[in-house]
2 protein chains.
Amino acid sequence: MPRTTDGDGTPVPQRLLAAATRLFAERGYDRTSVQEIVEAAGVTKGALYHYFGSKDDLLHEVYARVLRLQQERLDHFADADEPIEKRLRGAAADVVVTTIENLDDASIFFRSMHHLGPEKNKQVRAERRRYHERFRALVEEGQREGVFSTATPADLVVDYHFGSVHHLSTWYRPDGPLSPQEVADHLADLLLRALRP
Amino acid sequence: MPRTTDGDGTPVPQRLLAAATRLFAERGYDRTSVQEIVEAAGVTKGALYHYFGSKDDLLHEVYARVLRLQQERLDHFADADEPIEKRLRGAAADVVVTTIENLDDASIFFRSMHHLGPEKNKQVRAERRRYHERFRALVEEGQREGVFSTATPADLVVDYHFGSVHHLSTWYRPDGPLSPQEVADHLADLLLRALRP
DNA sequence: GCCGTCAGACTAACCGGTCGGTATGCGCGG
DNA sequence: CCGCGCATACCGACCGGTTAGTCTGACGGC
(Lines give C-alpha, C1' and ligand atoms only; values in the text may rest on other atoms or scores of the structure.)
Protein backbone atom coordinates (compact mmCIF):
# COMPACT_ATOMS: atom_id res chain seq x y z
CA MET A 1 0.00 0.00 0.00
CA PRO A 2 2.05 2.90 -1.17
CA ARG A 3 0.51 6.23 -0.34
CA THR A 4 2.62 8.98 1.25
CA THR A 5 2.86 7.03 4.47
CA ASP A 6 4.11 3.57 5.25
CA GLY A 7 5.00 1.31 8.20
CA ASP A 8 4.85 4.13 10.67
CA GLY A 9 2.62 7.13 10.17
CA THR A 10 5.03 9.81 8.91
CA PRO A 11 5.18 10.63 5.21
CA VAL A 12 8.14 9.34 3.25
CA PRO A 13 9.71 12.73 2.36
CA GLN A 14 9.82 13.73 6.02
CA ARG A 15 11.23 10.38 7.01
CA LEU A 16 13.97 10.81 4.42
CA LEU A 17 14.74 14.32 5.62
CA ALA A 18 14.90 13.20 9.23
CA ALA A 19 17.17 10.27 8.43
CA ALA A 20 19.43 12.44 6.31
CA THR A 21 19.65 15.07 9.02
CA ARG A 22 20.71 12.56 11.62
CA LEU A 23 23.23 10.83 9.39
CA PHE A 24 24.72 14.04 8.01
CA ALA A 25 25.22 15.28 11.55
CA GLU A 26 26.74 11.99 12.68
CA ARG A 27 29.04 11.16 9.82
CA GLY A 28 29.12 14.30 7.68
CA TYR A 29 27.67 14.81 4.25
CA ASP A 30 30.33 13.08 2.20
CA ARG A 31 30.64 10.08 4.47
CA THR A 32 26.93 9.40 4.25
CA SER A 33 25.86 7.39 1.22
CA VAL A 34 22.46 7.71 -0.36
CA GLN A 35 22.06 4.02 0.30
CA GLU A 36 22.45 4.53 4.04
CA ILE A 37 19.87 7.30 4.03
CA VAL A 38 17.21 5.28 2.28
CA GLU A 39 17.87 2.27 4.48
CA ALA A 40 17.50 4.40 7.61
CA ALA A 41 14.24 5.78 6.24
CA GLY A 42 12.99 2.31 5.33
CA VAL A 43 12.64 3.00 1.61
CA THR A 44 14.79 2.64 -1.49
CA LYS A 45 16.66 4.98 -3.77
CA GLY A 46 13.73 5.13 -6.12
CA ALA A 47 11.68 6.83 -3.43
CA LEU A 48 14.39 9.32 -2.60
CA TYR A 49 14.90 10.39 -6.18
CA HIS A 50 11.17 10.57 -6.61
CA TYR A 51 10.95 13.38 -4.06
CA PHE A 52 14.38 15.01 -4.26
CA GLY A 53 16.39 15.96 -7.30
CA SER A 54 19.74 15.05 -5.82
CA LYS A 55 21.67 14.41 -2.64
CA ASP A 56 22.46 18.13 -2.69
CA ASP A 57 18.77 18.94 -2.61
CA LEU A 58 18.43 17.00 0.60
CA LEU A 59 21.13 19.06 2.25
CA HIS A 60 19.66 22.27 0.94
CA GLU A 61 16.29 21.36 2.37
CA VAL A 62 17.80 20.88 5.81
CA TYR A 63 19.36 24.32 5.55
CA ALA A 64 16.18 25.99 4.37
CA ARG A 65 14.27 24.63 7.34
CA VAL A 66 16.78 25.96 9.88
CA LEU A 67 17.06 29.30 8.15
CA ARG A 68 13.32 29.79 8.04
CA LEU A 69 12.91 28.94 11.70
CA GLN A 70 15.69 31.21 12.92
CA GLN A 71 14.64 34.16 10.79
CA GLU A 72 11.07 33.93 12.06
CA ARG A 73 12.21 33.87 15.67
CA LEU A 74 14.65 36.72 15.22
CA ASP A 75 11.99 38.88 13.60
CA HIS A 76 9.67 38.15 16.48
CA PHE A 77 12.16 39.34 19.07
CA ALA A 78 13.38 42.31 17.04
CA ASP A 79 9.85 43.62 16.45
CA ALA A 80 8.76 43.34 20.08
CA ASP A 81 7.71 46.45 21.95
CA GLU A 82 10.54 46.50 24.45
CA PRO A 83 13.66 48.54 25.20
CA ILE A 84 16.53 47.70 22.88
CA GLU A 85 18.53 46.08 25.65
CA LYS A 86 15.79 43.58 26.32
CA ARG A 87 15.15 42.86 22.65
CA LEU A 88 18.81 42.12 21.95
CA ARG A 89 19.09 39.94 25.03
CA GLY A 90 15.99 38.03 24.03
CA ALA A 91 17.19 37.47 20.50
CA ALA A 92 20.72 36.54 21.59
CA ALA A 93 19.44 33.99 24.10
CA ASP A 94 16.80 32.57 21.79
CA VAL A 95 19.21 31.76 18.99
CA VAL A 96 21.24 29.77 21.51
CA VAL A 97 18.24 27.81 22.75
CA THR A 98 16.92 26.97 19.29
CA THR A 99 20.42 26.04 18.14
CA ILE A 100 20.82 23.63 21.04
CA GLU A 101 17.39 22.21 20.46
CA ASN A 102 18.36 21.51 16.85
CA LEU A 103 22.00 20.67 17.36
CA ASP A 104 21.98 18.20 14.46
CA ASP A 105 20.80 20.77 11.97
CA ALA A 106 23.23 23.31 13.35
CA SER A 107 26.30 21.13 13.07
CA ILE A 108 25.35 20.17 9.54
CA PHE A 109 24.83 23.79 8.71
CA PHE A 110 28.21 24.95 9.85
CA ARG A 111 30.22 21.96 8.73
CA SER A 112 28.75 21.15 5.33
CA MET A 113 27.97 24.51 3.81
CA HIS A 114 30.72 24.13 1.22
CA HIS A 115 29.25 20.91 -0.14
CA LEU A 116 26.45 22.86 -1.77
CA GLY A 117 26.76 23.76 -5.43
CA PRO A 118 27.59 27.39 -6.27
CA GLU A 119 24.07 28.70 -6.86
CA LYS A 120 22.54 27.04 -3.84
CA ASN A 121 25.49 28.21 -1.81
CA LYS A 122 24.83 31.77 -2.94
CA GLN A 123 21.18 31.47 -1.99
CA VAL A 124 21.97 30.22 1.50
CA ARG A 125 24.59 32.92 1.99
CA ALA A 126 22.11 35.59 1.02
CA GLU A 127 19.59 34.40 3.60
CA ARG A 128 22.36 34.14 6.17
CA ARG A 129 23.34 37.73 5.48
CA ARG A 130 19.79 38.92 5.91
CA TYR A 131 19.74 37.30 9.30
CA HIS A 132 23.10 38.76 10.25
CA GLU A 133 22.05 42.25 9.22
CA ARG A 134 18.85 42.17 11.20
CA PHE A 135 20.83 41.23 14.26
CA ARG A 136 23.44 43.89 13.59
CA ALA A 137 20.72 46.51 13.28
CA LEU A 138 19.75 45.77 16.88
CA VAL A 139 23.29 46.37 18.08
CA GLU A 140 23.57 49.58 16.06
CA GLU A 141 20.28 50.85 17.38
CA GLY A 142 21.51 50.42 20.93
CA GLN A 143 24.79 52.10 20.07
CA ARG A 144 23.00 55.12 18.59
CA GLU A 145 20.88 55.42 21.70
CA GLY A 146 23.98 55.33 23.86
CA VAL A 147 22.87 52.17 25.65
CA PHE A 148 25.69 50.08 24.14
CA SER A 149 29.35 50.90 23.87
CA THR A 150 30.63 51.93 20.44
CA ALA A 151 34.14 50.70 21.18
CA THR A 152 33.68 47.72 18.84
CA PRO A 153 32.09 47.84 15.37
CA ALA A 154 28.64 46.26 15.41
CA ASP A 155 29.67 43.78 12.72
CA LEU A 156 32.39 42.36 14.89
CA VAL A 157 30.11 42.13 17.88
CA VAL A 158 27.61 40.10 15.89
CA ASP A 159 30.28 37.78 14.53
CA TYR A 160 31.63 37.38 18.04
CA HIS A 161 28.30 36.22 19.35
CA PHE A 162 27.48 34.01 16.39
CA GLY A 163 30.87 32.45 16.73
CA SER A 164 29.85 31.09 20.08
CA VAL A 165 26.57 29.84 18.64
CA HIS A 166 28.41 28.17 15.79
CA HIS A 167 30.74 26.62 18.33
CA LEU A 168 27.94 25.13 20.44
CA SER A 169 27.78 21.87 18.53
CA THR A 170 31.42 21.28 19.38
CA TRP A 171 31.17 21.37 23.12
CA TYR A 172 27.56 21.35 24.30
CA ARG A 173 26.40 18.00 25.64
CA PRO A 174 22.72 17.50 26.45
CA ASP A 175 23.67 15.38 29.46
CA GLY A 176 25.92 18.10 30.83
CA PRO A 177 25.15 20.17 33.94
CA LEU A 178 23.64 23.16 32.15
CA SER A 179 20.21 23.31 30.54
CA PRO A 180 19.88 24.98 27.14
CA GLN A 181 18.17 27.95 28.76
CA GLU A 182 20.95 28.35 31.32
CA VAL A 183 23.62 28.32 28.64
CA ALA A 184 21.60 30.79 26.60
CA ASP A 185 21.22 33.16 29.53
CA HIS A 186 24.93 33.04 30.23
CA LEU A 187 25.93 33.68 26.64
CA ALA A 188 23.43 36.50 26.23
CA ASP A 189 24.73 37.93 29.47
CA LEU A 190 28.31 37.84 28.19
CA LEU A 191 27.22 39.71 25.07
CA LEU A 192 25.35 42.39 27.00
CA ARG A 193 28.17 42.78 29.51
CA ALA A 194 30.66 43.24 26.68
CA LEU A 195 28.42 45.98 25.29
CA ARG A 196 28.14 47.96 28.54
CA PRO A 197 29.44 51.47 27.92
CA MET B 1 67.02 11.85 -9.52
CA PRO B 2 64.95 10.87 -6.51
CA ARG B 3 66.37 12.22 -3.27
CA THR B 4 64.24 14.02 -0.67
CA THR B 5 64.12 17.15 -2.80
CA ASP B 6 63.07 17.60 -6.37
CA GLY B 7 62.35 20.33 -8.90
CA ASP B 8 62.34 23.04 -6.26
CA GLY B 9 64.40 22.81 -3.09
CA THR B 10 61.83 21.69 -0.49
CA PRO B 11 61.74 18.07 0.67
CA VAL B 12 58.95 15.89 -0.70
CA PRO B 13 57.10 15.25 2.61
CA GLN B 14 56.80 18.96 3.28
CA ARG B 15 55.66 19.61 -0.27
CA LEU B 16 52.97 16.98 0.15
CA LEU B 17 51.87 18.45 3.46
CA ALA B 18 51.68 21.95 2.01
CA ALA B 19 49.71 20.80 -1.02
CA ALA B 20 47.33 18.79 1.15
CA THR B 21 46.78 21.72 3.50
CA ARG B 22 45.86 24.06 0.69
CA LEU B 23 43.57 21.58 -1.04
CA PHE B 24 41.86 20.43 2.15
CA ALA B 25 41.11 24.05 3.01
CA GLU B 26 39.85 24.81 -0.49
CA ARG B 27 37.71 21.79 -1.20
CA GLY B 28 37.46 19.97 2.11
CA TYR B 29 38.97 16.64 3.05
CA ASP B 30 36.53 14.34 1.32
CA ARG B 31 36.38 16.30 -1.90
CA THR B 32 40.14 16.20 -2.26
CA SER B 33 41.50 13.06 -3.90
CA VAL B 34 44.90 11.64 -3.19
CA GLN B 35 45.62 11.98 -6.88
CA GLU B 36 45.07 15.74 -6.74
CA ILE B 37 47.40 16.06 -3.78
CA VAL B 38 50.28 14.23 -5.40
CA GLU B 39 49.83 16.15 -8.65
CA ALA B 40 49.89 19.46 -6.79
CA ALA B 41 53.06 18.35 -5.04
CA GLY B 42 54.65 17.21 -8.28
CA VAL B 43 55.05 13.56 -7.27
CA THR B 44 53.03 10.34 -7.51
CA LYS B 45 51.14 8.14 -5.11
CA GLY B 46 54.19 6.00 -4.56
CA ALA B 47 55.92 8.94 -2.89
CA LEU B 48 52.94 9.82 -0.73
CA TYR B 49 52.44 6.31 0.61
CA HIS B 50 56.14 6.03 1.18
CA TYR B 51 56.01 8.85 3.75
CA PHE B 52 52.45 8.67 5.05
CA GLY B 53 50.47 5.64 6.06
CA SER B 54 47.15 6.92 4.80
CA LYS B 55 45.21 9.98 3.75
CA ASP B 56 44.11 10.23 7.38
CA ASP B 57 47.72 10.52 8.46
CA LEU B 58 48.11 13.57 6.27
CA LEU B 59 45.18 15.27 7.95
CA HIS B 60 46.43 14.30 11.38
CA GLU B 61 49.81 15.80 10.61
CA VAL B 62 48.21 19.11 9.69
CA TYR B 63 46.37 19.10 13.00
CA ALA B 64 49.45 18.22 15.00
CA ARG B 65 51.32 21.16 13.53
CA VAL B 66 48.59 23.66 14.41
CA LEU B 67 48.15 22.24 17.87
CA ARG B 68 51.85 22.37 18.62
CA LEU B 69 52.12 25.97 17.47
CA GLN B 70 49.13 27.22 19.44
CA GLN B 71 50.08 25.42 22.62
CA GLU B 72 53.59 26.89 22.50
CA ARG B 73 52.25 30.40 22.07
CA LEU B 74 49.66 30.05 24.78
CA ASP B 75 52.24 28.76 27.24
CA HIS B 76 54.44 31.70 26.41
CA PHE B 77 51.74 34.24 27.21
CA ALA B 78 50.45 32.39 30.25
CA ASP B 79 53.89 32.14 31.82
CA ALA B 80 54.79 35.78 31.31
CA ASP B 81 55.55 37.96 34.31
CA GLU B 82 52.56 40.27 33.98
CA PRO B 83 49.27 40.99 35.77
CA ILE B 84 46.59 38.44 34.92
CA GLU B 85 44.55 40.95 32.97
CA LYS B 86 47.42 41.60 30.59
CA ARG B 87 48.31 37.92 30.24
CA LEU B 88 44.77 36.94 29.32
CA ARG B 89 44.44 39.80 26.89
CA GLY B 90 47.73 38.87 25.27
CA ALA B 91 46.76 35.22 24.91
CA ALA B 92 43.27 36.01 23.67
CA ALA B 93 44.54 38.39 21.01
CA ASP B 94 47.41 36.15 19.98
CA VAL B 95 45.23 33.14 19.24
CA VAL B 96 43.22 35.36 16.93
CA VAL B 97 46.25 36.64 15.06
CA THR B 98 47.83 33.23 14.59
CA THR B 99 44.50 31.76 13.54
CA ILE B 100 44.11 34.43 10.88
CA GLU B 101 47.66 33.97 9.74
CA ASN B 102 46.98 30.26 9.29
CA LEU B 103 43.38 30.45 8.15
CA ASP B 104 43.83 27.39 5.94
CA ASP B 105 44.92 25.18 8.79
CA ALA B 106 42.21 26.60 11.01
CA SER B 107 39.35 25.96 8.61
CA ILE B 108 40.59 22.42 8.04
CA PHE B 109 40.84 21.92 11.75
CA PHE B 110 37.33 22.97 12.55
CA ARG B 111 35.62 21.50 9.53
CA SER B 112 37.33 18.13 9.17
CA MET B 113 37.88 16.96 12.72
CA HIS B 114 35.27 14.25 12.39
CA HIS B 115 37.02 12.69 9.39
CA LEU B 116 39.74 11.35 11.65
CA GLY B 117 39.51 7.75 12.83
CA PRO B 118 38.43 7.16 16.43
CA GLU B 119 41.85 6.86 18.08
CA LYS B 120 43.39 9.78 16.28
CA ASN B 121 40.28 11.78 17.06
CA LYS B 122 40.73 10.98 20.72
CA GLN B 123 44.35 12.05 20.59
CA VAL B 124 43.50 15.40 19.01
CA ARG B 125 40.68 15.99 21.47
CA ALA B 126 43.01 15.34 24.36
CA GLU B 127 45.50 17.93 23.13
CA ARG B 128 42.65 20.36 22.50
CA ARG B 129 41.46 19.90 26.05
CA ARG B 130 44.92 20.61 27.41
CA TYR B 131 44.88 23.87 25.52
CA HIS B 132 41.38 24.73 26.67
CA GLU B 133 42.27 24.06 30.30
CA ARG B 134 45.35 26.21 30.26
CA PHE B 135 43.25 29.05 28.94
CA ARG B 136 40.52 28.45 31.47
CA ALA B 137 43.07 28.51 34.28
CA LEU B 138 43.86 32.10 33.30
CA VAL B 139 40.23 33.11 33.60
CA GLU B 140 39.85 31.35 36.92
CA GLU B 141 42.97 32.98 38.29
CA GLY B 142 41.56 36.39 37.50
CA GLN B 143 38.24 35.45 39.05
CA ARG B 144 39.90 34.32 42.27
CA GLU B 145 41.82 37.59 42.45
CA GLY B 146 38.60 39.53 42.00
CA VAL B 147 39.81 41.14 38.75
CA PHE B 148 37.25 39.29 36.65
CA SER B 149 33.54 38.84 37.24
CA THR B 150 32.42 35.45 38.46
CA ALA B 151 28.94 35.85 36.96
CA THR B 152 29.75 33.30 34.24
CA PRO B 153 31.53 29.97 34.73
CA ALA B 154 35.07 30.12 33.36
CA ASP B 155 34.38 27.18 31.07
CA LEU B 156 31.63 29.05 29.29
CA VAL B 157 33.74 32.15 28.96
CA VAL B 158 36.49 30.19 27.26
CA ASP B 159 34.06 28.47 24.91
CA TYR B 160 32.54 31.83 24.14
CA HIS B 161 35.86 33.26 23.07
CA PHE B 162 37.02 30.19 21.16
CA GLY B 163 33.74 30.19 19.36
CA SER B 164 34.63 33.49 17.80
CA VAL B 165 38.06 32.17 16.88
CA HIS B 166 36.54 29.08 15.36
CA HIS B 167 34.16 31.32 13.45
CA LEU B 168 36.92 33.49 11.96
CA SER B 169 37.44 31.34 8.91
CA THR B 170 33.80 31.90 8.01
CA TRP B 171 33.83 35.66 7.80
CA TYR B 172 37.33 37.05 7.93
CA ARG B 173 38.63 38.23 4.56
CA PRO B 174 42.29 39.23 4.21
CA ASP B 175 41.30 41.99 1.81
CA GLY B 176 38.77 43.41 4.28
CA PRO B 177 39.19 46.72 6.11
CA LEU B 178 40.62 45.28 9.34
CA SER B 179 44.10 43.90 9.82
CA PRO B 180 44.53 40.67 11.78
CA GLN B 181 45.94 42.64 14.71
CA GLU B 182 42.98 45.02 14.73
CA VAL B 183 40.49 42.17 14.74
CA ALA B 184 42.45 40.48 17.49
CA ASP B 185 42.48 43.62 19.63
CA HIS B 186 38.75 44.05 19.22
CA LEU B 187 37.93 40.46 20.08
CA ALA B 188 40.25 40.44 23.08
CA ASP B 189 38.66 43.69 24.15
CA LEU B 190 35.19 42.17 23.94
CA LEU B 191 36.33 39.29 26.13
CA LEU B 192 37.90 41.54 28.74
CA ARG B 193 34.90 43.89 28.76
CA ALA B 194 32.57 40.96 29.30
CA LEU B 195 34.70 39.94 32.27
CA ARG B 196 34.65 43.34 33.98
CA PRO B 197 33.18 42.92 37.48
C1' DG C 1 75.42 -4.32 -4.69
C1' DC C 2 72.26 -2.69 -1.56
C1' DC C 3 69.00 0.41 0.27
C1' DG C 4 66.22 4.56 0.32
C1' DT C 5 63.14 6.78 -2.79
C1' DC C 6 59.85 6.99 -5.82
C1' DA C 7 57.04 5.83 -10.48
C1' DG C 8 52.91 4.20 -12.34
C1' DA C 9 49.88 0.50 -13.47
C1' DC C 10 46.48 -1.90 -11.07
C1' DT C 11 42.40 -3.51 -8.06
C1' DA C 12 38.46 -3.98 -5.38
C1' DA C 13 35.10 -1.38 -3.42
C1' DC C 14 31.84 2.05 -3.60
C1' DC C 15 29.34 6.03 -5.11
C1' DG C 16 25.47 8.97 -6.99
C1' DG C 17 22.23 8.67 -10.12
C1' DT C 18 19.14 6.25 -13.83
C1' DC C 19 15.61 3.47 -15.58
C1' DG C 20 12.25 0.04 -16.69
C1' DG C 21 8.86 -1.91 -14.24
C1' DT C 22 4.99 -2.58 -10.67
C1' DA C 23 1.35 -1.65 -7.46
C1' DT C 24 -2.06 1.32 -5.64
C1' DG C 25 -5.88 4.39 -5.34
C1' DC C 26 -8.59 8.19 -7.46
C1' DG C 27 -11.49 10.47 -11.07
C1' DC C 28 -14.92 9.65 -14.10
C1' DG C 29 -18.01 7.76 -17.70
C1' DG C 30 -21.58 4.74 -17.80
C1' DC D 1 -22.15 1.77 -7.88
C1' DC D 2 -19.05 -0.28 -10.87
C1' DG D 3 -14.80 -0.72 -13.44
C1' DC D 4 -11.64 1.39 -16.62
C1' DG D 5 -7.50 4.13 -17.19
C1' DC D 6 -4.19 7.06 -15.71
C1' DA D 7 -1.22 9.59 -12.31
C1' DT D 8 1.33 8.93 -8.42
C1' DA D 9 4.45 6.39 -5.40
C1' DC D 10 7.83 3.40 -5.12
C1' DC D 11 11.15 -0.80 -6.12
C1' DG D 12 15.70 -2.64 -7.13
C1' DA D 13 18.96 -3.92 -10.58
C1' DC D 14 22.25 -1.54 -12.93
C1' DC D 15 25.92 1.83 -14.95
C1' DG D 16 29.82 4.80 -15.57
C1' DG D 17 32.97 6.85 -12.98
C1' DT D 18 35.95 7.60 -8.98
C1' DT D 19 38.51 6.33 -4.89
C1' DA D 20 42.02 4.89 -1.44
C1' DG D 21 45.37 1.95 -1.26
C1' DT D 22 48.83 -1.94 -3.22
C1' DC D 23 52.62 -3.79 -5.70
C1' DT D 24 56.35 -4.47 -8.65
C1' DG D 25 60.34 -2.67 -10.16
C1' DA D 26 63.81 0.72 -11.40
C1' DC D 27 67.00 4.49 -10.65
C1' DG D 28 70.90 6.41 -8.26
C1' DG D 29 74.02 7.42 -4.32
C1' DC D 30 76.98 5.33 -0.91
Side-chain angles (χ1 to χ4, degrees), chain A residues 1-21 23-24 26-62 108 112 114-121, chain B residues 1-21 23-24 26-62 108 112 114-121:
Chain A
M1 59 328 213
R3 206 59 230 256
T4 61
T5 92
D6 200 46
D8 68 25
T10 27
V12 171
Q14 294 180 34
R15 288 222 312 275
L16 282 165
L17 220 49
T21 302
L23 289 169
F24 287 166
E26 261 174 31
R27 301 189 241 257
Y29 178 79
D30 277 308
R31 315 283 266 221
T32 305
S33 74
V34 172
Q35 193 57 42
E36 287 174 317
I37 298 171
V38 297
E39 274 169 19
V43 294
T44 61
K45 292 218 268 186
L48 193 154
Y49 282 95
H50 179 70
Y51 291 108
F52 300 92
S54 65
K55 193 184 171 188
D56 255 54
D57 266 16
L58 222 40
L59 184 58
H60 183 74
E61 210 48 52
V62 174
I108 296 173
S112 310
H114 58 295
H115 291 312
L116 248 42
E119 3 78 66
K120 276 181 198 155
N121 204 308
Chain B
M1 60 331 216
R3 204 62 228 256
T4 63
T5 92
D6 202 44
D8 67 24
T10 27
V12 170
Q14 293 181 34
R15 289 221 314 274
L16 282 165
L17 220 49
T21 301
L23 289 169
F24 286 165
E26 262 173 31
R27 302 193 241 267
Y29 178 79
D30 277 307
R31 315 284 263 222
T32 305
S33 72
V34 171
Q35 193 58 41
E36 288 173 317
I37 297 172
V38 297
E39 273 168 20
V43 293
T44 61
K45 294 220 269 184
L48 193 155
Y49 282 96
H50 178 70
Y51 291 107
F52 301 93
S54 67
K55 193 185 172 188
D56 255 51
D57 266 16
L58 223 38
L59 184 59
H60 183 75
E61 210 48 52
V62 174
I108 296 173
S112 310
H114 59 295
H115 292 312
L116 249 40
E119 3 77 65
K120 276 181 199 155
N121 203 310

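The sequence lines fix the lettering, A, B, ..., with proteins before strands; numbering per chain opens at 1. Because the structure is predicted, anything quoted here is derived from the model rather than measured.
Contact of the B:Arg31 side chain with the A:His115 side chain is registered, since non-hydrogen atoms from C-beta on lie closer than 4.5 Å. Annotation: side chain of B:Val12 is in contact with side chain of B:Leu16 (closest heavy-atom distance under 4.5 Å). A:Glu36 places a side-chain heavy atom less than 4.5 Å from the side chain of A:Arg27. The closest side-chain heavy-atom distance from A:Ser54 to A:Asp57 is below 4.5 Å.
As a whole-Å value, the separation of B:Tyr29 OH from D:dT19 C1' is 11 Å. Rounded to an integer number of Å, the gap from A:Tyr51 OH to C:dG16 P is 21 Å. Atom pair A:Leu48:CG and D:dG12:P shows a separation of 15 Å (rounding to whole Å applied). Summarising the geometry, the separation between CD1 on B:Ile37 and P on D:dT19 is reported as 11 Å, rounded to the nearest angstrom. Following rounding to the nearest Å, A:Phe24 (CZ) and C:dG16 (C1') show an atom-to-atom distance of 12 Å. The separation between B:Glu36 atom CD and D:dT18 atom P is 11 Å, rounded to whole Å. When the P atom of C:dG16 is taken as reference, atom CG of A:Leu59 falls 13 Å away, rounded to whole Å. Here C:dT5 presents its P atom at 13 Å from CG of B:Leu16, a figure rounded to the nearest Å.
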Taking only N/O atoms, report every protein-nucleotides 21-25 of chain D pair under 3.5 Å with atom names and distance.
unit_1: D:dG21; atom_1: OP2; unit_2: B:Tyr49; atom_2: OH; d: 3.0
unit_1: D:dG21; atom_1: OP2; unit_2: B:Lys55; atom_2: N; d: 3.0
unit_1: D:dG21; atom_1: N7; unit_2: B:Lys45; atom_2: NZ; d: 2.6
unit_1: D:dG21; atom_1: O6; unit_2: B:Lys45; atom_2: NZ; d: 2.4

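In this structure, CG in A:Asp30 is found 4.0 Å from CG in B:Asp30, a value given to the nearest 0.5 Å.
Among the atoms of the strands shown, base atoms are found under 4.0 Å from some heavy atom of A:Thr44.
Between B:His50 and C:dT5 there is a side-chain polar atom (N or O) within less than 4.0 angstrom of OP1 or OP2.
Residues passing the ring-ring contact (aromatic ring centres under 6.0 Å, His included) test with B:Phe24 are B:Tyr29, sequence neighbours excluded.
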